[in-house]
Amino acid sequence: MTKMRLDRFLSQSSAFSRKEIRFLARTNRIAVDGRCVRDPGEKVEETALVTVKGKVVPYRKYVYLMLNKPQGYLSAVRDDRDPVVTDLVPEEFKHFQVFPVGRLDKDTEGLLLLTNDGAFDHALAFPRKEVRKRYFARLDLPAGKEDVEKFASGMVFPDFTAKSALLEITENPCEVFIEISEGKFHQVKRMCLQAGKTVLSLKRVAIGGLRLDPALLPGQCRELTEEEKSLLLS
Ligand code: URA
């Protein structure tokens, strides 16, 4: 069983700062397994029942968020000029210091995952896993059957060869779904361009078996459920 300092337990699992934790401990507001603890350095188990002002604070190290990324945000944790996706993380998750899993272009919207779990990020990015990403794109020109074939047969670029991709044309031939299993820089836009079309807008709607929650407005985010997490890693 892993033991750690009480202040570490609480600073990882809640938004309390070390200073606040010291104050709360000194003023008898923290209990561990029903016993008041005044020493923030006391060692506690991960499984301990820790309460602050009577409220249970379960131990957690990692968080996994689904964001509906709006246009205009960089998939980064900081930037001197532009807003970044971590600006959109609600206050209650800020202390987890999440980062984006992969990236979407500044003008792309839709499903972006954020976590502080490096192993999760690595597992999803692992090329052999070939996690499929599904996009909805609006094109300047209608797509046709010959484009479906072009996408399916893979495309050669100076810097990489795109694997076979799925192009699904909707009732409106200028609106398509595209599924790719890699994530090269501007890949969808470049594939469309090679087929003679310009992408006017792009939205990621799914990663593997995980779909963007339609209840999330652009800029909103929520935690993944355990089921959703396993959908991604299965
Ligand atoms: N392909 C692109 O061209 N842009 C993205 O943001 C994602 C995939």
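Order of appearance sets the numbers: ligands from 1, and atoms from 1 within every ligand.
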For ligand 1, give me the residues whose heavy-atom distance to it is below 4.0 Å, by chain and number please.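 Lining ligand 1: Leu104, Asp105, Thr108, Tyr135, His186, Gln187, Val188, Lys189, Leu202.
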Those residues that, when tested against [X], pass side-chain contact (heavy atoms from CB on, under 4.5 Å) (two or more places apart):
{"X": "Arg132", "value": "Leu166, Glu179, Ser181"}
{"X": "Pro58", "value": "Val56"}
{"X": "Lys53", "value": "Leu24, Arg29"}

Ring geometry between Phe96 and Phe93 (parallel below 30°, tilted from 30 to 60°, perpendicular above 60°):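 It falls in the tilted class, 30° to 60°.
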Going by an N to O cut-off under 4.0 Å, is there a salt bridge joining Glu109 and Lys69? no
Side chain to side chain contact (heavy atoms under 4.5 Å, CB included) assessment of Leu217 paired with Asn68: CA-CA 7 Å; Leu217 298 174; Asn68 184 356; 5.6 Å; no
